[in-house]
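All remarks here apply to the structure that follows.
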Amino acid sequence: MFGKSIFKNYSGIFSLLSRVFDPLMVIVAAYCAYFARFSSIQLEARTDYVILVVIAFLGVVSIFPLFNLYVSWRGQGLARQVQTICMAWAVVVLMLITILFGLKMSADYSRGWLLYWATFGLVFMLLMRVVVYAFLHYQRKQGRNIRYVLLVGAGDLAKKVLDQTKAAPWTGYKIVALFDDNPVLSGQLIGGVPVEGVIADVENYVATHGIDEIWLALPLRAEQRMKQLLFELRHFTVNIKLIPDIFGFSLLNHSMTEIAGLPAVNLSDTPMGGVNRIIKAVEDIILGVIIFILILPFVLFISLGIKLTSPGPILFKQRRHGWDGKVINVYKFRTMKWDAEENGCVTQAKVNDSRITPFGAFLRKTSLDELPQFYNVLQGRMSIVGPRPHAVQHNELYKDQVDKYMLRHMVKPGVTGWAQVNGYRGETDTLDKMKRRIEFDLYYIENWSLWFDLKIIVMTIFKGFIHKNAY
């Protein structure tokens, strides 16, 4: 018989408290910021400031739930919570800035106060979560706040579930028994957990042990066996979860979703949906405009250099695949002799390529030839960060040679990307190099976040412009 814990039975109280705490911290942070900026706590004396705080309060109440911040925390890592709260608060702050600029009221507010407010608000909300996680971690070390799990199945899927659960003790789940219809396995240990019997024995085991959850880790073909087990357990209030055997598929951003009220599993999906799409668009617009303004002097200098060193147009335009595989025109500064390609062929540049002009070699070595693509970003056809777009002809060549090659088009192509800052740029003269580049691209899509984008941008500044493969 396994023990119970009040924190286990009422774990939802933490999510409820955070629903109240987050918007409350907006107000507390506003007062703290006002004191830090004006050495006064009389914020209510400034009606315009109060109105902005109320808007932020309502923004947190309405926007934060969209980020799933108030679902059960069990199974979620602290790093994930921190990342999500930062993204959600950033959206609220950007909303406030947009309102102020849109109404031409930005000059009416102290920028120092706004900065303090944004910082204090984030710190307070993060601090609450750190305290809660530390408390839960302590409880679990003491053997409390644990959910005892019975795992149905002892095959490869069950072993994967066992390994990942053991590798993440902070989740508070403990698998205590396995059941499988293979009688040979009864009495054996799998991953240190005993196989207590066949699936028909699950009902009696649940009746005599304090099991909190049952996880079904059976093959998809065992549908009838799962239905029978659910019928046998109909009188118990234990939580039952299905872990679908989907790991044999080529997965990309797999997640649960709902279609017309029916549960469904995304086996391959773009991360740029819902709120993520808005965040990515805001990131590209704000950073794109800033960068475009900063690079204008370089653009003028490079344009003049191209005109003076070789005949032909300043820009080179090439058809490449964009988001959803749609063909777009991608712009670059021309670095090769005009009409260097024959019959519309697209040949990757090689070391000491005779087609490249001397000034073009400098542009390619420093990646300055890519600057016009920020115009593609402002057009909305590219992103600052994403998989680099390949020529249409190259896609046709590699899509049947590299597994999941075309899945890289489930997001907008980028001026820079995870593959490029890891050294996979320039000529891909072997199939293995292209496979490695695609692996990095798919890793980016699978793990996309605003902070991942910012990390790649910073890495690009320090090591992404000049590289031995840039020629």
Side-chain angles (χ1 to χ4, degrees), residues 66 87 91 94 250-255 257 259 266-292 315-332 346 367 370-422 424-425 428 434-435 437-457 460 464:
L66 300 178
M87 291 174 63
V91 169
L94 287 174
S250 296
L251 305 178
L252 186 70
N253 282 310
H254 57 283
S255 60
T257 186
I259 301 174
N266 289 318
L267 298 181
S268 181
D269 193 20
T270 175
M272 299 307 160
V275 175
N276 286 352
R277 185 169 183 172
I278 297 174
I279 294 172
K280 184 70 166 175
V282 171
E283 172 197 341
D284 285 334
I285 291 172
I286 294 177
L287 295 181
V289 170
I290 294 173
I291 294 173
F292 195 78
L315 295 178
F316 168 72
K317 181 173 66 176
Q318 189 178 63
R319 289 163 63 80
R320 302 190 178 190
H321 280 123
W323 198 1
D324 287 336
K326 295 178 181 177
V327 176
I328 62 174
N329 289 321
V330 174
Y331 300 100
K332 299 177 69 173
V346 179
S367 299
E370 312 283 0
L371 293 184
Q373 286 165 36
F374 283 100
Y375 175 65
N376 288 117
V377 174
L378 297 182
Q379 284 181 315
R381 296 172 185 172
M382 287 182 64
S383 180
I384 295 174
V385 181
R388 288 291 297 146
H390 295 166
V392 172
Q393 292 90 330
H394 295 158
N395 286 338
E396 292 300 320
L397 173 64
Y398 288 112
K399 68 180 183 181
D400 292 323
Q401 299 184 54
V402 180
D403 186 35
K404 297 183 281 189
Y405 179 91
M406 294 300 287
L407 293 183
R408 65 198 304 274
H409 298 110
M410 298 188 78
V411 298
K412 289 181 183 179
V415 179
T416 185
W418 184 233
Q420 283 64 47
V421 297
N422 281 281
Y424 288 90
R425 54 174 297 181
T428 49
M434 181 59 77
K435 288 180 178 179
R437 178 182 286 189
I438 301 308
E439 287 176 10
F440 277 98
D441 288 341
L442 297 182
Y443 178 87
Y444 167 77
I445 296 173
E446 180 76 27
N447 297 277
W448 177 84
S449 71
L450 174 62
W451 307 112
F452 197 12
D453 273 1
L454 296 178
K455 174 182 177 179
I456 294 172
I457 292 173
T460 300

- Message: With side chain to side chain contact (heavy atoms under 4.5 Å, CB included) as the criterion, how do Phe374 and Ile384 come out once you've worked through the C-alpha distance, each side chain's angles and the decisive distance to 0.1 Å?
- Response: CA-CA 7 Å; Phe374 283 100; Ile384 295 174; 4.3 Å; yes
- Task: Assess whether side chain to side chain contact (heavy atoms under 4.5 Å, CB included) is satisfied between Leu287 and Ile457, documenting all intermediate values.
- Result: CA-CA 10 Å; Leu287 295 181; Ile457 292 173; 3.8 Å; yes
- Task: Go through Ile438 and Arg408 one step at a time and tell me if the side chain to side chain contact (heavy atoms under 4.5 Å, CB included) criterion holds.
- Result: CA-CA 7 Å; Ile438 301 308; Arg408 65 198 304 274; 3.4 Å; yes
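Each of Trp448, Phe452, Tyr444 was scored for a ring-ring contact (aromatic ring centres under 6.0 Å, His included) with Trp418, with one residue passing: Phe452.
Of all heavy-atom pairs between Pro387 and Val411, the closest is CD-CG2, 3.5 Å. Nearest heavy-atom pair across Gly288 and Leu378 is C-CD2, 3.9 Å. Taking each heavy atom of Arg437 and Tyr424 in turn, the nearest pair found is NE-O, 3.4 Å. Contact between Phe440 and Asn422 at its shortest, heavy atoms only, is CE2-CG, 3.5 Å. Taking all atoms of both residues into account, the shortest heavy-atom contact from Ile456 to Val421 is O-CG1, 3.9 Å. Summarising the geometry of Met382 relative to Ile328, their closest heavy-atom pair is CG-CD1, 4.1 Å, with the distance given to 0.1 Å.
Using a distance-only test at 3.5 Å, with no hydrogens or angles considered, a donor-acceptor pair links the side chain of Arg388 to the main chain of Gly414. One N or O on the side chain of Arg320 and one on the backbone of Pro389 form a donor-acceptor pair closer than 3.5 Å. Checked by atom type and distance alone, the side chain of Asn329 never pairs as donor or acceptor with a backbone atom of Lys317 at under 3.5 Å. No side-chain donor-acceptor contact under 3.5 Å links Asn395 to the backbone of Met406.
Around atom OH of Tyr375, no more than 12 heavy atoms belonging to other residues, nucleotides or ligands sit under 6.0 Å away. Counting heavy atoms of neighbouring residues, nucleotides and ligands inside a 6.0 Å radius, atom NZ of Lys435 does not exceed 12 of them.
Residue pairs meeting the salt bridge (charged side-chain N to carboxylate O under 4.0 Å, His left out) criterion with at least one partner in residues 271-283, sequence neighbours excluded, are Lys280-Asp453.
How far OG1 of Thr270 is from NE2 of His409: 12.5 Å, rounded to the nearest 0.5 Å.
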